[in-house]
Protein chains: 4
Amino acid sequence: MPKGIVLTTDEQNHRRHEIFEAALDTFIEKGFVETSMREIAELAGMGKSSLYDYFGNKEDILIFVMEEALENVLNNARRINALPLSPEVRLRQIIEMHLEYIVENKKLFYLFSYEGRRMSSENQQRAQQGRYMYQDMLRGLIEQGIQQGIFREVDPLVAARMLINTIIPVVYTSRPTGAPQVMMQEILDIFMNGIQK
Amino acid sequence: MPKGIVLTTDEQNHRRHEIFEAALDTFIEKGFVETSMREIAELAGMGKSSLYDYFGNKEDILIFVMEEALENVLNNARRINALPLSPEVRLRQIIEMHLEYIVENKKLFYLFSYEGRRMSSENQQRAQQGRYMYQDMLRGLIEQGIQQGIFREVDPLVAARMLINTIIPVVYTSRPTGAPQVMMQEILDIFMNGIQK
Amino acid sequence: MPKGIVLTTDEQNHRRHEIFEAALDTFIEKGFVETSMREIAELAGMGKSSLYDYFGNKEDILIFVMEEALENVLNNARRINALPLSPEVRLRQIIEMHLEYIVENKKLFYLFSYEGRRMSSENQQRAQQGRYMYQDMLRGLIEQGIQQGIFREVDPLVAARMLINTIIPVVYTSRPTGAPQVMMQEILDIFMNGIQK
Amino acid sequence: MPKGIVLTTDEQNHRRHEIFEAALDTFIEKGFVETSMREIAELAGMGKSSLYDYFGNKEDILIFVMEEALENVLNNARRINALPLSPEVRLRQIIEMHLEYIVENKKLFYLFSYEGRRMSSENQQRAQQGRYMYQDMLRGLIEQGIQQGIFREVDPLVAARMLINTIIPVVYTSRPTGAPQVMMQEILDIFMNGIQK
DNA sequence: AATGAATGAGTCTTCATTCAT
DNA sequence: GATGAATGAAGACTCATTCAT
């Protein structure tokens with residue numbers, strides 16, 4: 001690293017990602033709290049205090065990447081939701097996209113499920129806002145299906161959450177019976193069968 | 001607290017429960033790792049070192065209660081499974097019992113979902129054994145239903161886990177649309193509808 | 001103490017010595033086990049945790065200096081042993097050097113005699129290796145003397161150890177009858193007289 | 001142990017010995033400081049607090065037996081010293097008796113050499129008084145020998161201590177070349193040879 | 001006489017963070 | 001921009017001793 005050259009915001013973000021990726025495995029293996037800044041610095045191949053040039057404190061390392069991931073899933077879902085397709089198909093596509101995204105960022109989401117609670121309550125609330133938006137989008141889709149007479153009169157929010165909550169376990173089960181995508185299709189079938197008239 | 005009197009095993013267990021209950025809220029609020037032994041002692045109204053008369057170390061506090069809870073759910077499920085009822089009815093009753101047990105021990109199970117990973121791998125394995133047994137019991141029920149022609153030919157293990165994984169979110173959602181029991185009935189309806197012929 | 005400057009290995013070793021020297025008196029007065037890291041830090045004029053930048057743990061403080069001292073005595077003895085002098089003269093010179101070294105590092109050796117047992121067995125073994133080498137060197141000298149007909153046919157290892165074991169008490173007696181060097185001459189005379197023909 | 005029966009002083013002393021003997025091996029293996037009262041109690045097969053019925057505190061356990069041992073050696077030496085024998089023979093007999101006593105109470109003396117320093121300075125002084133008496137007795141013997149023209153004009157105190165300091169290593173060497181008694185004879189020969197005219 | 005439950009003081013060690021260079 | 005030396009606060013855990021029974 002040449003000294004004295006000012007990093008652009010993009011370069012900074014790039015480095016931030018590198019740092020996070022370097023530490024991700026250890027975060028998962030030992031837990032976020034249990035991983036020390038010294039360890040993170042070593043994994044990232046930099047000095048302890050240089051971390052503080054990229055993140056204000058330890059928690060920020062967690063938040064930075066989480067915000068991005070949440071944003072990405074939400075945006076992708078919004079894009080799909082805007083397509084001129086039936087509620088049923090959009091629902092399936094969103095869940096498939098969501099699954100795919102988690103599969104691709106498997107470690108990241110694993111970390112969030114278990115270490116997200118380590119963030120300050122302020123940051124936890126922001127994360128929850130995102131989750132609510134997502135739930136509401138699926139709820140809206142189910143409501144549309146009900147109004148269009150495709151789905152039975154189920155509680156749309158309960159159903160939406162039921163569906164969302166099946167994704168994570170599919171990716172992380174220690175006893176998979178097939179590829180996540182295959183298991184997810186099975187679940188989607190049961191679910192769709194269960195809410196369709 | 002009397003000083004030199006010998007405690008019976010029962011009294012010891014009672015005290016252990018008291019200590020755990022005293023600390024439970026803080027475990028949940030701040031996390032198990034983030035709660036210090038000093039804090040636990042204060043909450044339990046005893047000296048720091050007296051904790052070690054009841055638990056060998058910090059982790060044991062977690063294990064002691066978890067072991068019990070797991071055992072209870074498993075035993076209850078076995079009892080129901082042995083009743084001369086149709087697979088469908090037994091499935092519903094087990095899930096209802098399970099839900100009820102979690103509702104009654106809401107905080108406890110919340111803690112296990114999020115802090116279970118803090119246990120030593122040895123203890124995590126024992127917990128997983130229990131979970132596997134439970135999953136297998138439900139899988140067996142679904143298989144029976146399939147054989148009896150009541151259920152469609154779904155992947156029984158995927159279906160069993162799908163069902164199990166909906167319980168926790170029902171109890172802990174921050175946006176409930178009704179009593180957990182009511183939400184669970186909705187989910188059971190969707191699920192049963194989804195797997196029935 | 002400058003804060004962010006990188007210390008060279010030499011500077012580190014120098015600081016290590018300073019820390020040890022600062023704590024030496026207390027080690028002797030109260031014992032190594034009985035001296036706390038907090039105390040050592042205070043005596044060394046630094047923060048408790050800074051000690052761990054110089055020593056991996058408490059035991060390492062002991063080992064670091066011991067290793068050096070052992071090495072020094074052994075090397076000096078080897079140098080003298082290589083001189084073209086009679087066994088008798090070499091024996092005398094080695095013992096005199098040894099005495100001198102202990103006199104100069106009086107506290108250090110006192111500490112080792114009494115607190116060496118506090119080291120991990122692994123480190124104790126390494127120390128014993130050094131002692132054996134030293135014993136064997138003196139034994140060799142005595143054997144040479146016997147072969148050359150200067151000394152009587154004594155058990156050379158027993159004699160070597162007899163001689164070595166007289167040094168420490170000479171330095172540390174609480175009732176000295178003269179300078180250690182003088183007392184040692186007296187002992188060497190008795191010893192030489194005792195083994196000579 | 002029947003309750004309510006008052007122990008005589010002799011019975012108390014007997015129990016004290018039992019407690020000490022039970023813990024002796026552990027004292028040596030791990031060190032006195034490193035052995036906890038709980039451990040001692042377990043080894044002695046009694047309750048923690050019952051120890052305090054026999055010893056005022058942890059240190060007293062060490063002192064009690066040490067005083068006895070010192071007293072015994074001193075008395076035996078005095079008895080031999082009063083025999084109508086030549087200084088040379090008395091010297092040899094005392095050292096032989098001393099060696100025998102250490103061999104028979106090997107562990108005990110090993111403990112004192114290394115853990116004696118753990119006693120309060122008050123108790124250490126009492127122990128030193130005893131040692132001085134013993135040294136002076138041997139010094140007196142050597143002085144007699146010099147006056148009688150049997151021994152050369154050596155420093156009698158230095159010589160006495162030289163002799164005393166060879167006993168412990170003979171018993172505890174990790175590389176014995178024979179029975180302690182045999183090695184001691186070798187040393188006595190060298191010593192006598194060294195001081196005789 | 002005998003016990004073990006209770007405890008406060010103290011142990012070694014770790015860590016996020018700061019700051020002089 | 002980058003570093004690692006420095007540190008106070010805190011952590012889990014141990015222990016000699018007391019005391020009610």
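Within every chain, numbering begins at 1; the chains are lettered A, B, ... in the order of the sequence lines, protein sequences first and strands thereafter.
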Worksheet item: Reckon D/F55 touches a base, only the sugar-phosphate, or nothing at all at heavy-atom distances under 4.0 Å?
Response: nothing

Worksheet item: Given atom CD of B/E42 and atom P of F/dA10, what is their separation to the nearest angstrom?
Response: 12 Å

Worksheet item: Between C/R118 and C/F32, is NZ or CZ placed under 6.0 angstrom from the six-membered ring centre and within 45° of the ring axis?
Response: no

Worksheet item: Going by the angle between their ring planes, with limits at 30° and 60°, are D/F20 and D/F112 parallel, tilted or perpendicular?
Response: tilted

Item to complete: Let me know the distance between NZ of B/K30 and P of F/dA10, rounded to the nearest Å.
Response: 10 Å

Practice prompt. Provide the full list of salt bridge (charged side-chain N to carboxylate O under 4.0 Å, His left out) pairs with a residue in residues 51-69 of chain A, sequence neighbours left out, each pair given once.
Written response: A/E67-A/R126

Worksheet item: CG/C/L62 to CG/C/L111 distance, rounded to the nearest 0.5 angstrom?
Response: 5.5 Å

Worksheet, complete the sentence: Out of E/dC15, E/dT3, F/dT3, minimum distance to the side chain of A/M46 belongs to F/dT3

Worksheet item: For the atom pair NE2 (A/H17) and NE2 (A/H14), what is the distance rounded to the nearest 0.5 Å?
Response: 9.0 Å

Worksheet, complete the sentence: Whole-Å distance, D/E34 CD to E/dT11 C1', equals 13 Å

Practice prompt. Take the protein atom CD of A/E11 and the nucleotide atom P of F/dA2, then report the distance between them rounded to whole Å.
Written response: 10 Å

Worksheet item: Can you tell me if A/Q124 uses its side chain to pair, donor with acceptor, with the backbone of A/R117 under 3.5 Å?
Response: yes

Discussion item. Which residues pass the salt bridge (Lys or Arg N to Asp or Glu O under 4.0 Å) test with A/E71, not counting sequence neighbours?
Written reply: none

Worksheet item: Given E/dT13, F/dT3, F/dA12, which nucleotide is nearest the side-chain atoms of C/M37?
Response: E/dT13

Worksheet item: Between F/dT3 atom C1' and A/R15 atom CZ, what is the distance in whole Å?
Response: 13 Å

Discussion item. Counting only side-chain nitrogens and oxygens, does A/R38 get under 4.0 Å of the OP1 or OP2 atom of F/dA5?
Written reply: no

Worksheet item: Does any N or O in the side chain of C/R16 come within less than 3.5 Å of the main-chain N or O of C/F55, such that one atom is a donor and the other an acceptor?
Response: no

Discussion item. Rounded to whole Å, please give me the gap between CD in D/E39 and P in F/dT17.
Written reply: 15 Å

Worksheet, complete the sentence: With the side chain defined as heavy atoms from C-beta on, B/S36 is closest, among F/dG11, F/dA6, E/dA2, to F/dG11

Worksheet item: Near B/K107 NZ, under 6.0 Å, is it more than 12 heavy atoms from other residues, nucleotides or ligands?
Response: no

Worksheet, complete the sentence: Here the residues of residues 57-66 of chain C within 4.0 Å heavy-atom distance, strictly under, of DNA chain F are none

Worksheet item: In terms of side-chain geometry, is the basic nitrogen of C/E11 or C/R15 positioned less than 4.0 Å from the acidic oxygen of its partner?
Response: no

Worksheet item: Hey, is the side chain of B/K48 pairing donor to acceptor with the base of E/dG10 inside 3.5 Å?
Response: yes

Practice prompt. Please round to the nearest 0.5 Å and tell me the distance separating atom CE of C/M46 and atom CD1 of C/I40.
Written response: 11.0 Å

Practice prompt. Could you list by number each residue of residues 115-127 of chain D showing a heavy-atom separation from DNA chain E of less than 4.0 Å, or answer none if no residue does?
Written response: none

Response to the item:
In DNA chain E, stems of three or more consecutive pairs, Watson-Crick or G-U, each with both distances under 3.5 Å, turn out to be E:2-21 with F:2-21

Discussion item. From the set F/dT18, E/dA2, E/dT18, return the single nucleotide nearest to any side-chain atom of A/Y52.
Written reply: E/dT18

Worksheet item: In whole Å, what is the span from the CD1 atom of C/I40 to the C1' atom of E/dG10?
Response: 14 Å

Practice prompt. State which residues pass side chain to side chain contact (heavy atoms under 4.5 Å, CB included) with A/K106; sequence neighbours excluded, sorted by chain then number.
Written response: A/V171, A/Y172

Worksheet item: Taking the nucleotide of DNA chain E with the closest heavy atom to each, which residue, B/L51 or C/F32, is nearer the 5' end?
Response: B/L51

Fill in: Gap between atom CG of C/L108 and atom CD1 of C/I28 - 0.5 Å precision
8.0 Å

Worksheet item: When we call it a touch if two heavy atoms are under 4.0 Å apart, what does B/S50 touch: a base, just sugar-phosphate, or nothing?
Response: base

Practice prompt. Please state whether the phosphate of F/dA2, meaning OP1 or OP2, lies under 4.0 angstrom from any side-chain nitrogen or oxygen of A/Y54.
Written response: yes

Worksheet item: Is a donor-acceptor pair below 3.5 Å formed from side chain B/S49 to base F/dC15, judging by atom type as modelled?
Response: yes

